Number of protein chains: 2
Amino acid sequence: MREVKHSLAGACPPPTVSDAIILGPGLAIHGSRMRFGRNEEIFGEGEAADHICRVVSGAVRTSRFSSDGRRQILAFHLPGDVFGIEPGGVHSLSAEAITEAEISLIRRSLVETAAAQDARAARALIELMSRQLTSAREHALVLGRKGASERVAAFLLQLADRFRAHGEISLPMSRSDIADYLALTIETVSRSFTQMERDHTIELPSSRRVVVCDRSALELLQAA
Amino acid sequence: MREVKHSLAGACPPPTVSDAIILGPGLAIHGSRMRFGRNEEIFGEGEAADHICRVVSGAVRTSRFSSDGRRQILAFHLPGDVFGIEPGGVHSLSAEAITEAEISLIRRSLVETAAAQDARAARALIELMSRQLTSAREHALVLGRKGASERVAAFLLQLADRFRAHGEISLPMSRSDIADYLALTIETVSRSFTQMERDHTIELPSSRRVVVCDRSALELLQAA
DNA sequence: CGCTCGATTGAGCCGCGTCAAAGTGCGTGG
DNA sequence: CCACGCACTTTGACGCGGCTCAATCGAGCG
């Protein structure tokens, strides 16, 4: 729909989004690139949010903990995705690297002055948040209204679209991450995978690699 | 935190938010006020979103339908709340009046030009969306990580805070609305209410009126 | 080769959904 | 004013899907 969208939403991991640019057509803000190791925290709930983050390579999860300590993963972020926008200045969720990851960190103050001075930058920010809002709502719909295998199917379809991978998807996240994203247990996720494999809907060359054999079956399953 | 916030987030229904103003400190956009009857559709999924809406009086629900036809209510909107912001121009959810409601409709184009010309307006929009994003995430956490009675407790606390009603809350929505918001059945919602009444946590003078007797018990229950 | 961590598989249980039947409040018309 | 009807709510009995607990399997790595 718009130049920004391509570089932010649809992204293909293997040829890593190599640039550290964030907003608008003419207008680019460079951030400082940082590396994070597996499971390393990028920021935590309650911390000051003076940076906005963009995935350059690798994968990131953002999560919150319920009062009884259970983790809910709210989103996975792949190369090109932006996360950690907090106009209030305090992070309301935490972010960790799932795999070794390169993150470009842009000072919030820079983004804010850019948004204040350039209408296109403000517009880009608004669209970014709008997209996050849409996927948060979709997520709520999945958690509220779908059964276990439907959730897993929805997850796989979503991932297949984001990696524009023909055929094989290599999952950056563990079963535990998937379970905490879909609000299931690892056992249930595992059983759903196995069942789909039995039905020849997917193949599992290894636990982290998924081949979608029958996309329409997945779509049917997702609807349920 | 900011003048806008007070008029948009915390609102007290009885003295209805009588104004049709929307953004910023100096900057106000007037909308045309419209009345909607019980269960009347304000806008539907897929329709063109050329207006942004603000509740003047009454209550509104926004919802989406899962592919198998089950409804998920994403949010309730009370006087002062803004809903229906869609930068993409198409509504990704539908909105209906829960009770007789007055809604002020502001042309999207006006808001967009305001946001393009005035940085404060853009900022206000961004904060509005940020707040919606935060509550969508909170909702996902509740749906993903809480049991039935914990969900109901969370719902009651949330509502008690939004109506700054001392003691009694009068629910604008039916059990069916509550169930579709919390992703439960009406039976389970009803049972949770009854159980809380037995525990002297709440009282139910009528099915639409709730008195919170023991707030800390609710908070404890919510955490679970 | 063996250790460790993640994934899979199985058995049993429990919370919530489903189905069914009263019960309650409110508006309408006699 | 009361009788009736309808929509909503409550309550009960029962079944099932997904969680829990536990054992086994498999892959990466020292």
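By convention in this document, chain letters (A, B, ...) are assigned in the order of the sequence lines, proteins followed by strands, and residues within each chain are numbered from 1. All values derive from a computational prediction rather than experimental measurement.
- Contact check, T194(A) against dT9(C): a side-chain N or O comes under 4.0 Å of OP1 or OP2.
- M173(B) places its CE atom 16 Å from the C1' atom of dT9(D), with the value rounded to the nearest Å.
- Counting any heavy atom pair closer than 4.0 Å across all strands shown, A179(B) reaches no nucleic acid atom.
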Step by step, would you call S63(B) with Q72(B) a side-chain hydrogen bond (donor to acceptor under 3.5 Å, both in side chains)? CA-CA 6 Å; S63(B) 55; Q72(B) 176 66 53; over 6 Å; no

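- Judged by distance alone, with hydrogens and angles left aside, the side-chain atoms of Q132(A) form no donor-acceptor pair with the main-chain N or O of M129(A) at under 3.5 Å.
- For the pair F193(B) CZ and dT10(D) C1', the interatomic distance rounds to 13 Å; values are reported in whole Å.
- The closest donor-acceptor contact from the side chain of R145(B) to the backbone of R71(A) lies under 3.5 Å.
- Listed nucleotides dA7(C), dA20(C), dT9(D) differ in distance to E187(B); the shortest reach to its side chain belongs to dA20(C).
- Whole-Å rounding puts the L171(B) CG to dT10(D) P distance at 10 Å.
- Using a 30° and 60° split on the angle between ring planes, Y181(A) and H139(A) fall in the parallel class, below 30°.
- The nearest whole Å value for the distance from the CG atom in L182(A) to the P atom in dG17(D) is 19 Å.
- Atom pair R38(A):CZ and dG28(D):C1' shows a separation of 11 Å (rounding to whole Å applied).
- Both R191(B) and R191(A) sit near DNA chain D, but only R191(B) has its closest nucleotide nearer the 5' end.
- The listed nucleotides are dG17(C), dG12(D), dC19(D); the one nearest the side chain of T185(B) is dG17(C).
- In this structure, of dT8(C), dA20(C), dG17(C), it is dT8(C) that holds the atom nearest to the side chain of L204(A).
- Checked against the 6.0 Å centroid threshold, F43(A) and H51(A) do not count as a close aromatic pair.
- R145(B) has its CZ atom 14 Å from the P atom of dG18(D), to the nearest Å.
- Residue I178(B) contributes atom CD1, which lies 9 Å from atom P of dT10(D) at whole-angstrom precision.
- Phosphate proximity of dT10(D) to R175(B): present, with a side-chain N or O under 4.0 Å from OP1 or OP2.
- Looking at the side chain of I186(B), the nearest of the listed nucleotides dT9(C), dT11(D), dT9(D) is dT9(D).
- Using a 4.0 Å heavy-atom criterion, one finds that R151(A) contacts no nucleic acid atom at all.
- Distance from the side chain of S190(A) is smallest to dA7(C) among dT10(D), dC19(D), dA7(C).
- Minimum atom distance to the side chain of L184(B) is reached by dG17(C), of the listed dT18(C), dG18(D), dG17(C).
- Distance NZ (K146(B)) to C1' (dC19(D)): 18 Å, rounded to an integer number of Å.
- Among the atoms of the strands shown, none is found under 4.0 Å from any heavy atom of S206(A).
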